[in-house]
K.L.:
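Below you will find the structure I want to go over with you.
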Amino acid sequence: MTRTAVVAGVGPGLGESIARRFVAEGCRVALLARTESYIESLAADLGDAALAVPTDLTRPEEIEAAFEEVRREFGPVDVLVNHASGGAWKGARDVSLDEFERAWRVGARAGLQCSQEALDDMLGGDGDGTGSGDGDGTESGDGGTIVFTGATSSVRGRDGAAAFSSAKFAVRGLAESMAREFGPRGVHVAHVVIDGGIRPPDRAVENPEEYLDPDAIADSYWHLVEQDRSTWTLELDLRPHVEEF
Ligand SMILES: NC(=O)c1ccc[n+]([C@@H]2O[C@H](COP(=O)([O-])OP(=O)(O)OC[C@H]3O[C@@H](n4cnc5c(N)ncnc54)[C@H](OP(=O)(O)O)[C@@H]3O)[C@@H](O)[C@H]2O)c1
């Protein structure tokens with residue numbers, strides 16, 4: 001089955017690993033981010049199954065246009081990864097209201113809007129996601145999967161990161177609410193708590209075992225897409241084996 005996937009917020013770290021894994025599994029993957037040169041070069045590397053869609057997720061009209069382009073090029077969306085986050089690394093006395101709101105716009109509001117767009121496709125006309133299409137994933141209404149990328153700060157507010165932590169909590173609440181609303185209608189909504197640092201793509205690290213391997217995280221994301229309906233995950237937490245928790 002060929003699925004259409006959107007990764008909202010693709011950079012050279014985990015976003016790229018997810019995109020590569022999904023393409024390897026036969027998906028058509030739309031890459032959304034602001035840095036056009038990067039997503040264009042990744043799309044060129046991935047071939048016809050990838051589409052670069054330059055998008056600033058804080059701008060509602062750009063999200064709307066991006067999903068229109070994805071549908072035009074690849075058809076209805078089956079899988080969405082709400083992946084971007086933002087936030088000034090400042091404490092509650094220093095963060096400005098604008099910075100605080102921006103973190104929420106990138107994470108929670110964009111996550112909601114991208115999900116609304118994807119749900120239109122996943123639920124289709126009958127709105128129950130049980131398969132008004134022919135079952136090959138090219139029609140609307142076959143259900144789908146929405147994954148939200150979380151962090152340690154999604155469950156434990158981080159010292160000196162008021163905007164990021166509150167936005168990550170908001171994303172988790174959104175994911176949990178949507179899972180309850182849309183699970184019974186055939187859409188699997190999952191939240192992934194990444195409890196540790198992701199191994200950086202651009203530099204060697206002293207103790208690699210202390211980091212999560214982005215390709216291994218991407219394996220888990222693909223598993224969420226493939227999970228049987230009788231055993232859907234709402235929240236998955238991942239951490240390196242050496243990490244205390
Ligand atoms: N890195 C870590 O150690 C770590 C740890 C735990 C959790 N996480 C979570 O993992 C996710 C990111 O993974 P990653 O760090 O490996 O990053 P990544 O996938 O390499 O890159 C994410 C991309 O999101 C894009 N983005 C940010 N704001 C955007 C906006 N307004 N509009 C469109 N795209 C936007 C950025 O690209 P542009 O600048 O080109 O827009 C960025 O490169 C986040 O949800 C983060 O909270 C990361």
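Just follow the structure's listing: the first ligand is 1, and inside any ligand the first atom is 1. Numbering starts at 1 and runs along the sequence shown. Atoms considered below: every heavy atom in the structure, side chains included; atoms not considered: hydrogens, waters and symmetry mates. This one's a predicted model, so the numbers in the text were calculated from it and none came from an experiment.
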K.L.:
Does Arg109 pair with Glu101 as a salt bridge, N-O distance under 4.0 Å?
P.N.:
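Salt bridge flag = no for Glu101 with Arg109.
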K.L.:
Can you find a side-chain donor-acceptor pair between Ser230 and Asp228 that sits under 3.5 Å?
P.N.:
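Side-chain D/A pair, Ser230 to Asp228: present.
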K.L.:
Between Tyr221 and Thr149, do the side chains contain a donor N or O and an acceptor N or O under 3.5 Å apart?
P.N.:
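Checked: Thr149/Tyr221 side chains pair up, N/O donor to acceptor below 3.5 Å.
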K.L.:
Tell me, with the steps shown, if Glu73 and Arg28 meet salt bridge (Lys or Arg N to Asp or Glu O under 4.0 Å).
P.N.:
CA-CA 10 Å; Glu73 298 295 326; Arg28 295 167 291 224; over 6 Å; no
K.L.:
Say whether Val79 and Met178 are linked into one hydrophobic cluster, either directly or through other cluster members, by side-chain heavy-atom distances under 4.5 angstrom.
P.N.:
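No; tracing contacts between hydrophobic side chains, which count when under 4.5 Å, never links both residues.
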K.L.:
I'd like a table of the close N/O pairs between ligand 1 and the protein (anything under 3.5 Å), one pair per line with both atom names and the distance.
P.N.:
residue: ligand 1; atom: 3 (O); partner: Ile198; partner atom: N; Å: 2.8
residue: ligand 1; atom: 13 (O); partner: His83; partner atom: NE2; Å: 3.0
residue: ligand 1; atom: 16 (O); partner: Leu14; partner atom: N; Å: 2.8
residue: ligand 1; atom: 19 (O); partner: Gly15; partner atom: N; Å: 2.7
residue: ligand 1; atom: 19 (O); partner: His83; partner atom: NE2; Å: 2.9
residue: ligand 1; atom: 20 (O); partner: Gly11; partner atom: O; Å: 3.4
residue: ligand 1; atom: 20 (O); partner: Pro12; partner atom: N; Å: 3.3
residue: ligand 1; atom: 20 (O); partner: Gly13; partner atom: N; Å: 2.7
residue: ligand 1; atom: 21 (O); partner: Gly11; partner atom: N; Å: 3.1
residue: ligand 1; atom: 28 (N); partner: Arg34; partner atom: NH2; Å: 3.3
residue: ligand 1; atom: 31 (N); partner: Asp56; partner atom: OD1; Å: 3.1
residue: ligand 1; atom: 32 (N); partner: Leu57; partner atom: N; Å: 2.8
residue: ligand 1; atom: 39 (O); partner: Arg34; partner atom: NH2; Å: 2.9
residue: ligand 1; atom: 40 (O); partner: Arg34; partner atom: N; Å: 3.4
residue: ligand 1; atom: 40 (O); partner: Thr35; partner atom: N; Å: 2.8
residue: ligand 1; atom: 40 (O); partner: Thr35; partner atom: OG1; Å: 2.5
residue: ligand 1; atom: 41 (O); partner: Arg34; partner atom: N; Å: 2.8
residue: ligand 1; atom: 41 (O); partner: Arg34; partner atom: NE; Å: 2.7
residue: ligand 1; atom: 41 (O); partner: Arg34; partner atom: NH2; Å: 3.4
residue: ligand 1; atom: 45 (O); partner: His83; partner atom: O; Å: 2.7
residue: ligand 1; atom: 45 (O); partner: Lys168; partner atom: NZ; Å: 2.9
residue: ligand 1; atom: 47 (O); partner: Ser85; partner atom: OG; Å: 2.9
residue: ligand 1; atom: 47 (O); partner: Lys168; partner atom: NZ; Å: 3.1

K.L.:
Taking atom CD as the centre, does Glu36 end up with more than 12 heavy-atom neighbours from other residues, nucleotides or ligands that are less than 6.0 angstrom away?
P.N.:
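Incorrect, the count does not exceed 12.
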